[in-house]
2 protein chains.
Amino acid sequence: MQLEYIYCKKMKLTRYTDYALRALIYLAAHDGGLVSIRQIAQAHDISQNHLMKIIQDLGAAGFVKTTRGRHGGLALARPAAEITIGQVVRHTEGDSRLVDCSTCRIAEGCSLPDVFSEAREAFLAVLDKCHLSDAARTPDAFRHLFVV
Amino acid sequence: MQLEYIYCKKMKLTRYTDYALRALIYLAAHDGGLVSIRQIAQAHDISQNHLMKIIQDLGAAGFVKTTRGRHGGLALARPAAEITIGQVVRHTEGDSRLVDCSTCRIAEGCSLPDVFSEAREAFLAVLDKCHLSDAARTPDAFRHLFVV
DNA sequence: TCTATAGATGCATTAGAAATGCATGATTAG
DNA sequence: CTAATCATGCATTTCTAATGCATCTATAGA
């Protein structure tokens, strides 16, 4: 009596956000040192192309500072303790509304948009309590990132 | 100096959840009366096939009570005041984790899974404060649903 | 009993967006 | 001048939600 037609239920973050966080955490672990995109991509075995564009984006948004040319690379634009997960997710997942009521017939008198908006804020509020510098459970949790 | 390569940033709910909520709100507005799937699909101009499976799912989950055969239809299985938006979303978007750390190299010492888990709960907690019976801004906001 | 109407179910297909790959340009150290 | 690195645009692939179609089951009423 169970549904055969299984829906892969979501409510997941995009890989875009995933990679952004991994990159930022990597930079935070290197505490100021210049790191190349290639290095991060290889460390996580993820698409360098995709990561490149994400870094681009993070650079324009003021999260990282990029340096071109030989011996170039990335570094956090601000201290890791001043960047929250919420700030990052807010940016990578967009600031737009969670729901699209443009085609809904009951949008007029419906209170759900407000409720979802509030829920989203509550979600981000929790993420705002966590900083890049808090991502590691223990001080040396990400030590292996240094060992190339 | 802006990125040409635009990422359609998400963090959106699926249409599956969207339709589920619309259907439940429709039923709540009809307060006990039997309503057909076709009727809801036409009222919102959405895919009857998709809605059919969603209703199926909602039936199995105990949100609605379906009646087959001629003059059959749907009704809420419980009072609208006892069904929260959070309960519905929890079901339609799945109870699984928000992030997939299975392939992440730093999953061991990373605290983000816990943070996201907490954020998700905060999100749902807000949605749990809202019941189907609260969806309408005013008592007669959805009156036009009756006028077929 | 027969028929019309409703939900139940499975499978195939489409659509849309995220993710990826590729090619090329721009910048800088040595 | 060259190698290394980020910057950018476009094409392609991949994934999965969304949809469509066909058929089965159940029930009311003529």
Exercise for the section: Evaluate the side-chain contact (heavy atoms from CB on, under 4.5 Å) criterion for residues B/Leu127 and A/Phe116: first the C-alpha distance (whole Å), next the side-chain angles of each, then the deciding distance (0.1 Å), finally the verdict. Expected result: CA-CA 7 Å; B/Leu127 298 186; A/Phe116 276 112; 3.6 Å; yes
Practice task
Under 4.0 Å between any heavy atoms, over every strand shown, what does A/Gly73 touch: base, sugar-phosphate, or nothing? Just pick one.
Solution key: sugar-phosphate
Problem - 5'-most by nearest nucleotide on DNA chain D - A/Arg38 or A/Arg15 - result: A/Arg38
Handout entry: Distance in angstrom units between A/Leu74 CG and D/dA7 P, rounded
Key = 8 Å
Handout entry: First encountered from the 5' end of DNA chain C, between A/Leu13 and B/Val35
Key = B/Val35
Practice task
Choose from D/dA7, C/dT20, C/dG7 the nucleotide whose nearest atom is closest to any side-chain atom of A/Gln56.
Solution key: D/dA7
Problem - Under 4.0 angstrom between B/Thr66 side-chain N/O and C/dA8 OP1 or OP2 - result: yes
Exercise for the section: Not counting sequence neighbours, which residues clear salt bridge (charged side-chain N to carboxylate O under 4.0 Å, His left out) with A/Glu118? List them please. Expected result: B/Lys129
Problem - Rounded distance (Å) that lies between atom P of D/dA7 and atom CD of A/Gln48 - result: 12 Å
Problem - OP1 or OP2 of C/dT20 under 4.0 Å from side-chain N/O of A/Tyr19 - result: yes
Handout entry: Flag side-chain contact, heavy atom, 4.5 Å: A/Glu93 against A/Tyr16
Key = no
Handout entry: Residue list, salt bridge (charged side-chain N to carboxylate O under 4.0 Å, His left out) with A/Glu121, at least two apart or on another chain
Key = A/Arg90
Exercise for the section: Indicate yes or no: does A/Lys12 engage A/Asp18 in a salt bridge with an N to O separation below 4.0 Å. Expected result: no
Handout entry: Contact pattern, 5' to 3', of nucleotides 21-30 of chain D - B, S or - by protein heavy atom under 4.0 Å
Key = B---BBBBS-
Completion exercise
Whole-Å distance, B/Asp45 CG to D/dT19 P, equals 11 Å
Exercise for the section: Compare side-chain N and O positions of B/Ser47 against OP1 and OP2 of D/dG20 and report whether any pair is under 4.0 Å apart. Expected result: yes
Problem - Rounded distance (Å) that lies between atom P of C/dA19 and atom CG of A/Asp57 - result: 13 Å
Handout entry: Separation of atom CD1 in B/Ile37 from atom C1' in D/dG20, rounded to whole Å
Key = 16 Å
Exercise for the section: Could you check how far CG of B/Asp18 sits from C1' of D/dA17, rounded to whole Å? Expected result: 13 Å
Handout entry: Donor-acceptor pair between B/Ser102 and B/Asp100 side chains, under 3.5 angstrom
Key = yes
Handout entry: More than 12 heavy atoms from other groups under 6.0 Å of CZ on A/Arg38
Key = no
Exercise for the section: Whole angstrom is fine here: how far is it from CG in B/Leu51 over to C1' in C/dA6? Expected result: 14 Å
Practice task
Write down the distance between NE2 (A/His50) and C1' (D/dG9), rounded to a whole number of angstrom.
Solution key: 15 Å
Practice task
Measure from the side-chain heavy atoms of A/Tyr16 and tell me the nearest of C/dA19, D/dC6, C/dA8.
Solution key: C/dA19
